[in-house]
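Numbers restart at 1 for each chain; the letters A, B, ... are given by sequence-line order, proteins then strands. The figures here come from the full heavy-atom set of this structure, side chains too, leaving out hydrogens, waters and symmetry mates.
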Amino acid sequence: MTTTLPVAALAFAPIAVPALTAAGCAVAGRRTAGAAGVVCALAMLAAAVGLGARVVGSGPVEVAGLRVDALSAFMLVVIGAVATIVAVATPAHVATEVAAGRLAPRTARRQGVLVHAFLAAMTLAVLAADLGVLWVAVEATTIVTAFLVGQGRTRGSVEAAWKYVVICSTGIALALLGLVLLNHAAAHARPGADGPGLDWAALVAAAPALDPGVTRIAVVLLLLGFGAKAGLAPLHAWLPDAHSQAPAPVSALMSGVLLAVSFSAILRVKVIADAALGAGFARALLLGAALASLTVAASLLLAQRDYKRMLAYSSIEHMGLLALGAGIGGVAATAAVLLHLLGHGLVKSAAFLGAGRVAQLTGTSRIDRVRGLVATQPGLAAAFGLAVLALLGLPPFSLFASELAIVRAGLGDAVGWAVVVALVLVVVIGAAMLRHTGRMLLGPAPDGPGAATAPRRLPGGTALALAGGLVVAAALGVTAGPLTDLITQATQTLSGAP
Amino acid sequence: MTALGVVGGVLQAAVVVGGAPLLLGLMRQVRARLEGRAGPGIGQPWRDLRKLLRKQSITPRGTTEVFRVAPVLLVAMTLVVAVVAPLVTTASAVPAVADLFVVVALLAHATVVIALAGLDSGTAFGGMGASREVTVLALVEPTALVAIFALSVPAGSTSLPAIVGTVLDDPQRLISPTSLLAAVALATVIVAETGRLPVDNPSTHLELTMIHEAMVLEYAGPDLALVELGSAMRLSVYLGLFTSLFVPWGIATTATPLALGVGVAALVVKVGVAGAVLAALEVFLAKLRLFRVPELLAGSFLLALLAVTTAYVLG
Amino acid sequence: MVAAGLLGAVAGVVAMTGTAWSVALPGLLPLTGLEFDVDPLSGVFLAVGGAVAVAAGIFAVGATRHGLDRPGVQAALPAFIGSLLLVPAAGSIGTLLWCWELMALTSLVLVVAEHRERPAVASAGLWYAVMTHVGFVAIMVGMLVAAGPAEDGSFVAVRAGAADLSPAAASLAFLVCLAGFGSKAGMVPLHPWLPRAHPEAPSHVSALMSAAMVNLGVYGVVRVGIDLLGGGPSWWWVTVLVLGAVSAVYGILQAAVGSDLKRLLGYSTTENMGLVLVAVGACGMFAAGGDRALAGLALTAALLHLMTHAAFKTVLFLSAGSVLHATGSRDLDALGGLRSRMPVTTAAFGVGALSASALPPGAAFVSEWLLLQALIHGLPAPGVVPAVVLPLGVAAIALTAGLAVATFVKAFGIGFLGRPRSGAAAAATESGPAMLAGIGLAALACVALAVGPTVVLPTLADIAGGLVHAAPAVTGTVAIELVGVTGVLSPLLLVAASAVGTASVVGGVRLLARRRDRRRARLWDCGAGPLSARMEYTATSFAEPLQRVFDGVLASEQDVDVSHHRESRYLVAAVSYRRALPDRVERRLYTPLLHAMTTWGRVGRGLATGSVHRYLGYGFVTLCGLLALLVVTR
Amino acid sequence: MDPAAMSPPAVALLDVAAGALLLTAVLVVWRRDLPTILRIFTAHGIALGALVGVLAWAQRSVELGLVAVGVLAVRGGLLPWLLRRALARVGPARREPRPVVGVAASLLAVAALVMLAFAVAVPVVELGGSAATRAVPVAVAVVLIGLLVLVTRRHTISQLVGFLLVDNGITAAGFLTTAGIGLVVEVGVALDVLLVVLVLQVLAGRIRDTFGEVDLGELRELRDR
């Protein structure tokens, strides 16, 4: 396969553009940085679309350590789409924070730099051909976001940052041990020949020859490790803290993209595991993680008091659903998992941006302090309410389509019991979220000082981002359009075909 | 729609309208005699009606046309039942309406109309009467329907002519437990629906005990005459139905004048005897407390249910 | 909205007569695809839904003109109607689920539309949302289990694959679907959302929900149980019948003692859907027993009752909306005397109430008569189960009929007749023409169904017969004639006979009465001065005897406070009486459940103590456990 | 790498280095005095460097030798120095506050973990078959011990030490199983670890500033209970 220069440039663009923007943000003013962010995100999205078309048309692209297969291209689309939503909403958020004195201009500038570095790290993670590079990139996201989480410098944010870094780094360290063992197994895969190293495609090809004893340990460690970063139980506990303390745009990116990127790593590991150990091993682990995550989410959502944490636990829930789908496996469930990644990214980022706006307006993140939002902020409340409903899997949003497909695949399988248990938990979660959201949104406008001071209209950027995320998610729920081919190809990639 | 049916229908209407007040008179007379009084004579209800018809109609203020049309509807619906039910002949004037369910429901509808009139008056008495009447109705209806169910199972139909015909063809059915149980249940239904003792005391005007009379307290003149006539007709129709279902002999099956004459005579005699027996029994009964009435009705409901079960078990 | 409704109604009518059409849209709804397939059964529900939508839509125009609807409602209403009409048109499981949830979403938005006015709305919305969600999951699981052996989710494939389904799987699928669909139909014990959500929604939405949406629960049961799974064993249907009977009795009992007009109507919906489920259950039972003709009759009764219920419930809810608009109150104890102030609304409500109370010549009488006919003729069927179930079914219907009469006498007599019981009721004015037109249209439908059910019955019988593979069970134009069993009823002749009877009575009175003039006079007040509204019977007092009779079931809570004058404790200053009628099923079933959830939530919070050591410990312990497991299983 | 090529003295040296690695890890659990812990940790890093050095000597690989020097510099020099600096910054507390699990119980747990690690690593040893891979169980044990330290220690610096123990263990495992996992990755991993430590060091300082202490048990601001 020969790769022409433009294609190579296209493959590098998703990493280079945010990296350059990060550098630019370090010197640019706030307005310019905001505009640059939007341009950068749009460029990433465009590159993703271009790569997607190229991959669908003529197969994977390989350039200098990068490998763009259908899954990478799809993940790039996820990153690009969510990044665009977040970039559109960021300037208004930052402006309000700066105006309120909660954000120093210097910190705002640093936020711009770090966010784009974060984006670059994530695109590197999905484009890396080598699992080792993937690991390095994922770990880099932790480092970059640590200061974004801890940006507020309050007790809460410092605490959240510490927990975030310690838990994620520990988890990801386990994944490194897993990689080391996988490498060991790969080195002994074909006596005499050069081992496949940690190159994913080569590993998949060599997987049947891997030593099962070592690979089993490696897979356990890898799933546990990347699972930590993907917010799967048992190493999920950093997530609510970090997501509730980070600035809203960062929470949106972390929940919408970072989890998805980490989960795509899990998907890649699963391909190797399935080829080396048969489908049962990874399935058992993933189903266990799925049910544990759902249980955790349900237990903590029932009596939740903080709406940002509510959204965070909802992310854990959705990661659990994704793990369920991945565990079920097969073409239908895998395609559903991919669609779910995208849908969740869009909706959850909109939800976090909405929650951030609510927090800016009310000055609190406690559910019981927010009342009658529909009466005071109709647009914001409608967007937030719709986002929550979308998270519960209601049509026309695409989460409905993906959840339906996952359940359908699962019920036709031997793991029907797990799906039923998961559905019960999902119902409990739905009830809890509806209750909390209803309390915030419905009812008469609260009276009291300062109730009517906030402007009823949303800032244009925020409104555009919220509406955009929800509309795209709804459109995806009606038809996946051109993404269908990409998802189909990515599904093929994940079933072991090159 | 047969000739027999049409002739029978006209005859039945005439007999019921003309005879209902007389039946009432008869029952009062029986009662009076048994209680040791002379009694006003059998014709007294007719004389009352004539007197009322001479008076002026009164519309109480605040009432609506519901109040005004209720007496008319009461009589009209009872009249329809009198025409279609097999009282004198087995054929019905309008066979498509001569269904046991329809008949019972039409009679219940008549009750509802009067209850609405009671509510329309807006007085405490009207409301109280309506409330009580409707409560009794609500509890009686199940018994009636289940008893009908029991009776219609052997006939394989709820059509009244069919049921009566079945009994005529095979009189042995009448002494079956099903029939007996259903008869007792239906008798209770009739007592409750027509406001007789022990459910209601037709001759009381004491607010704590009365049911039916409380609703119609505001009526006067021709309206009252219609209400009285309607109530009397109800009683006759119910008794007529009861006798047709359980003692059908004498009922006309052909359109000959003789058969029709026998049919009319048999109806008059049977209903008269039934009324007399009812009146005689009432002498020995005291009115039940309102909240004991449901117990009575529950008992009859049980009987009706047993009737159905035996109908199944005994074929 | 009106256009959509009209379109749906027309499409439904066309489909009912046998013109089936289908369309597949694989490009929509990613991973699943949409597929629509309208057969005669869908046609019935399309037609009913469309017709209700037309009436409610016209009413909504009036309501909007009065500023009753917010923009959100105006946007969600057409979407709701659209999804409502798409559900019966769905031709595959995925499509049905999609439309079903779309309907749930849009109706939820509508239910909470008036959340600013009343705090109860938010709570009702939550109950509705959660119960709908639970129901949806049940339906999803049930239908997907049913689709197990099928090659895809289309109804055609599922029907073909049903034969390969193991009996246990089929039963599981059916029961779970029954729970899901039954909850939508307000089946006890899955009903608590209904008497909450239906009253709290704007009235035209209530009408749509109560007259059209609940039908889809029945549609689901029929579609899955009879059509897709092809019948199934008798015990399925005995379950349906018993649940239906319980729902009917429980629903009407709550309605009979309630005094909130719209809540009462909501409970009446539970009752009527219960009756329909009794009919559906009887149909399945007969079909399982091999008596297909009777099965067809029972199903015909079910479909007709659905139709009549839709008609009269639309009238009742829309009139209740008109009253609510005029008086601002749904409390029967504060209404009354509306006859002279709102004549059209009163007349319409009267028509609806007559239909709902199943008295001849009301619309529901015909369908209940059909149902009773089916039950009566089913008794000779072999087996002990019918011998026990059918009489109890009849008894339940009978009890329901009696209580329904009491309920609607109360609703109409207390709510509209007599004297106004509050200032608002006294100052009520008639609603605008658009609202009245909507009400009137539905009332016309009521009258039409009451007088001429034979217009639709043969078609319905055809459809029912087609589903259970039997000849149509009902024919006739003037009279309803049952096929295969003896039974005939002519609502038309009944009305004619009643008219003739009335005319002759009026004529007779004119002939006999000496004086034709009427005099207006004071009501008799016992000589104690003018009567006031406070002396009137209220809905609460009206229902008191019934409530006493059924206190063992209702378990009411009463509280009498007597306060005395300061001078003497023998002089009573005030007596206050409070009565609460908690939903007993709810208290027994849902309160413990909610309590358990609360406990779970409280205990569950212990998972996140904030301790980083504990958080790391989760992972550490899991890792060690998994590694140990690896060692053990090597 | 040819496993058969390792000479007996090299094997002996390797065993000594591995033993030192495990011993120092256990000592970290044993001691509660932070400066001592840091000294032990330095020894741990040196042992790791030595281990890589022995491997380099056994394989006669100059490249690996250079890497060994790098590892020694980072693990035995730079990182301990960073930790010492951090400890000096976060204040006067020199002793580990009451640990979540007592020392005696921790040591028992260490024993169990070492056994678990040895049991788990059996397939790895069997696959490799060389003297180097025979030492992998030690590396796995170190990882588990590091995790134990992370889970049970309350001082910010102790937790950092735990994290680095995990990392050292993984590095050891990496060198013991194969010659490495690619230069880019190797450097990336090292850089990442370094950055994490730097980040945590900064955060530890912030914790000291905002909470006024270094006890992680007090970090309970964010919780649902």
Heavy-atom pair with the smallest gap, counting every atom of [X] and [Y]:
X: Ala480(A); Y: Pro30(C); result: N-CG, 3.6 Å
X: Gly619(C); Y: Pro234(A); result: CA-CG, 3.9 Å
X: Pro395(A); Y: Glu101(C); result: CD-CB, 3.0 Å
X: Gly153(C); Y: Arg408(A); result: N-NH2, 4.3 Å
X: Arg116(C); Y: Ala375(A); result: CD-CB, 3.7 Å
X: Ala405(A); Y: Leu31(C); result: CB-CD1, 3.7 Å

_At a 4.5 Å cut-off on heavy atoms, which part of Leu174(A) comes close to chain C: side chain, backbone, both, or neither?_
side chain
Just verifying a value: how many Å separate [X] [atom1] and [Y] [atom2], rounded to the nearest 0.5 Å?
X: Leu394(A); Y: Trp98(C); atom1: CG; atom2: CH2; answer: 12.0 Å
X: Met140(C); Y: Leu411(A); atom1: CE; atom2: CG; answer: 7.5 Å
X: Leu442(A); Y: Arg118(C); atom1: CG; atom2: CZ; answer: 12.5 Å
X: Leu434(A); Y: His133(C); atom1: CG; atom2: NE2; answer: 7.0 Å
X: Tyr313(A); Y: Leu607(C); atom1: OH; atom2: CG; answer: 8.0 Å
X: Thr479(A); Y: Leu29(C); atom1: OG1; atom2: CG; answer: 9.5 Å

Name the member of [options] that forms the most heavy-atom pairs with chain C at distances under 4.5 Å.
options: Ala228(A), Ala298(A), Ala401(A); answer: Ala401(A)
options: Val374(A), Leu221(A), Val420(A); answer: Val374(A)
options: Leu392(A), Val478(A), Val427(A), Thr170(A); answer: Val478(A)

Heavy-atom cut-off 4.5 Å, strictly under: side chain, backbone, both or neither for [X] against chain A?
X: Leu25(C); answer: neither
X: Thr599(C); answer: neither
X: Leu126(C); answer: side chain
X: Leu97(C); answer: both
X: Phe620(C); answer: neither
X: Leu108(C); answer: side chain

*asked:* Counting C-beta onward and ignoring hydrogens, is there a side-chain heavy-atom pair between Leu626(C) and Leu285(A) closer than 4.5 Å?
replied: yes
_Would you say that Val426(A) contacts Val137(C) through its side chain, given a criterion of any heavy-atom pair below 4.5 Å between the two side chains?_
no
Among the options [options], pick out the one with the most heavy-atom pairs lying under 4.5 Å from chain A.
options: Pro119(C), Ser123(C), Gly604(C); value: Gly604(C)
options: Val612(C), Leu630(C), Val141(C), Leu34(C); value: Leu630(C)
options: Val130(C), Leu627(C), Val621(C), Val603(C); value: Val130(C)

*What is the ring orientation for Phe136(C) with Phe400(A), classed by angle as parallel under 30°, tilted 30 to 60°, or perpendicular over 60°?*
tilted
*Sequence neighbours excluded, which residues qualify as side chain to side chain donor-acceptor pair (under 3.5 Å) partners of Trp417(A)?*
none
